[in-house]
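Here is how names work: the chains are called A, B, and so on, in the same order as the sequence lines, proteins then strands, and each is numbered from 1.
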Amino acid sequence: MAAVDTIAAGEPGAAGTAHGRARPRSGRRDGFTPWRWLILILAGAYFLIPLYAALRFAGWGSFGSVIHQSGFAGSLGLSVRLAVITTVITLALMLPTAVYVHLRLPRLRRLLEGITILPIVIPPIVLIVGLLQVAPGFLKSTPYLLALEYVVLAMPFAYRSIDAGLRSFDLKTLVEASNSLGAGWASTLRRVVLPNLTTALLSATVLTVALVLGEYTMASLDLYQTFPVWIVVFDQTSGPISVAASLLALFVTWLVLLAITMLGGRHARRTGGGEVALFSVARRDTGRTS
Amino acid sequence: MTANTAKGAGAGAGASGAARATGSATAAGAAGPAGPADGAGAHVSLQNLSRFFGAVRALDGLNLEIEPGELVALLGPSGCGKTTALRILAGFESADHGSVLVDGRDMSAVPAARRDMGMVFQSYSLFPNMSALDNVAFGLRMRKKSADRRRSQATELLEMVGLADQARQYPHQLSGGQQQRVALARALAIEPSVLLLDEPLSALDAKVRVQLREQIRSLQQRLHTTTLFVTHDQEEALSMADRVGVMREGRLEQVAAPSELYARPATAFVAEFVGTMNRIPGELEAGGRVRVLGATLPIKGERPGGPGEPSRLVDVLVRPEDLHLTAAQAGSGIVTIATFLGSLSRISVLLSGDVTVQVDVPSAEAPAPGAPVEVTMGNTPVLVTTRR
């Protein structure tokens with residue numbers, strides 16, 4: 001999750017300069033001062049030294065043998081399946097909710113923001129115990145119960161991404177324009193709302209997937225061997241291979257994040273949209289005066 | 001300046017009446033795909049519309065008839081209910097009371113998507129994920145027109161608004177004025193029975209605003225589309241509309257042709273909202289007359305005053321061109337500013353009691369600042385209002 005705090009690099013597009021509403025930038029001077037170099041080096045060392053140590057510990061050979069270990073494919077498969085299910089449920093719940101609140105109940109936005117932050121505040125153990133109390137019996141016996149737990153965990157990230165995406169354009173006016181041109185709700189959502197939310201939905205997806213692939217507490221408490229649980233268990237058999245597995249997971253997640261950010265940037269450049277980088281969306285410049 | 005513009009607009013509206021007759025003939029003759037299907041706009045009737053937002057009364061029994069092919073502007077200060085009226089007609093809001101009829105058909109239960117009304121919004125409303133061409137073609141796609149038909153029709157409309165070269169560009173690559181022209185083309189592409197314009201020019205700079213104003217008007221006349229135009233800019237309303245409805249607190253104060261509205265405002269509110277108006281302190285006399293600037297004049301329109309004893313102190317409303325200046329050594333006024341406006345000059349005169357009035361005089365006769373003058377007015381009925 002360390003890679004998640006990417007910052008939006010908002011570029012005012014052509015329209016931005018045309019309307020003279022370029023975003024104010026924090027005073028950026030040419031070049032780096034020595035202080036900045038120092039901070040950069042310290043932060044870099046903080047992140048890179050453990051990675052390097054892990055690489056040294058694992059050794060190159062471990063990477064080749066990871067995939068042949070028993071339980072690797074099964075646990076990774078389960079994690080991927082959980083990631084897909086969690087993402088689908090999360091988006092299916094969060095997208096209509098966020099759109100509806102933006103359009104019809106804008107005053108509830110603050111409240112919803114508060115509610116969606118709860119899973120971060122409440123300890124996972126409390127969530128699990130509560131969920132096990134209310135979950136129907138047939139779910140308790142399958143690992144897919146975890147997906148429901150992850151939906152709750154992913155809620156703050158997914159909601160924030162979608163909310164930021166919805167704020168990056170004038171949703172109400174676009175929906176009304178679409179309606180007045182004869183588009184019903186389904187067409188409006190499909191042709192107008194979703195295309196302008198692509199990057200926000202991608203961010204929500206990445207965050208959810210990253211969360212599911214890395215979640216340990218709930219899975220181990222529910223006694224299911226997801227990929228992180230397998231890494232911990234396997235650590236007792238072979239340390240280097242387990243470390244290689246977690247490094248692999250880390251690199252794959254990084255690659256996915258990088259791909260999403262680049263994809264989002266390209267989309268934004270084409271349509272002049274806000275560039276979405278996970279939590280923040282550079283506001284699309286609509287040039288409005290009121 | 002405003003007064004002169006308004007006068008020009010009055011004459012313009014008269015001429016446009018004739019232009020409209022020929023314009024519709026051309027539209028019928030051309031019968032292009034962009035022309036309305038039946039060659040005539042719809043008749044719109046807003047009947048006794050009321051709308052409350054909590055305790056706020058946005059509309060209070062609004063009645064308005066719009067004839068086929070007519071452009072009616074709703075003019076008023078912000079919060080007067082003009083946008084609410086337009087949004088109820090569009091189907092984005094519902095009225096608490098009253099009904100909306102289009103060609104005699106009650107639209108209350110018809111959702112916005114089925115009302116067949118093209119709308120241009122104040123904020124830029126183009127779909128950012130589509131090119132200009134796809135934006136214009138969107139309504140046609142919703143109407144299940146073939147891809148070829150959509151493209152040719154949308155191209156034609158973009159040509160009509162002078163943006164054929166920008167067809168492939170995305171909204172963020174277009175200027176504000178271009179975006180609103182695409183939005184206009186998009187609204188017209190569906191051959192709407194009614195065109196709704198919600199302050200479409202307010203976000204643009206002055207020069208573009210005037211150009212686009214003329215373009216909207218000439219297109220509307222060519223296509224003969226019934227149009228409701230909402231604005232707070234009197235110049236816009238007076239220069240574009242066949243009739244202007246001045247709104248105040250959810251009600252229509254007056255609906256009339258621009259020239260009529262300027263020359264014969266029904267109420268003091270309309271008089272002050274449209275064009276430049278002087279307020280000169282006067283005193284009510286017996287027999288429905290008012291004493292002002294040393295003369296006693298008949299009163300027209302409503303009298304100020306509540307249910308109790310009406311105050312005798314009032315303000316008289318007079319246009320700058322209805323006042324006369326004469327140079328007089330013992331005059332009661334002193335010229336403070338003389339603004340040259342071309343053939344006319346507008347003279348500010350400071351009268352006794354710290355009252356400043358503006359008077360239009362031919363530039364050749366304009367007195368210099370500092371000159372003593374006498375201000376008089378003709379013996380025509382005047383509007384009076386409560387002293388401020």
Under 4.5 Å heavy-atom distance to chain B, tell me which part of A:S180 shows up: side chain, backbone, both or neither.
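Looking at A:S180, backbone and side chain both touch chain B.
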
Chain B contact via A:S178 - which portion, at a heavy-atom distance below 4.5 Å:
both

Inspect the contact between [Y] and [X] and indicate whether a charged nitrogen and a carboxylate oxygen are less than 4.0 angstrom apart.
X	Y	result
B:R151	B:D148	yes
B:E236	B:R213	no
A:R167	A:D163	yes
B:R168	B:D134	no

Examine whether an atom of [X] lies under 4.5 Å from a heavy atom of chain A, and if so say whether it belongs to the side chain, the backbone or both; otherwise answer neither.
X	answer
B:L196	neither
B:R141	side chain
B:M117	backbone

Looking at B:R143, I want to see if its CZ is surrounded by more than 12 non-hydrogen atoms of other residues, nucleotides or ligands under 6.0 Å.
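For B:R143, atom CZ is crowded (more than 12 foreign heavy atoms under 6.0 Å).
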
Mind ranking B:A187, B:S125, B:G118, B:A183 by heavy-atom pairs under 4.5 Å with chain A and telling me who comes out on top?
B:S125

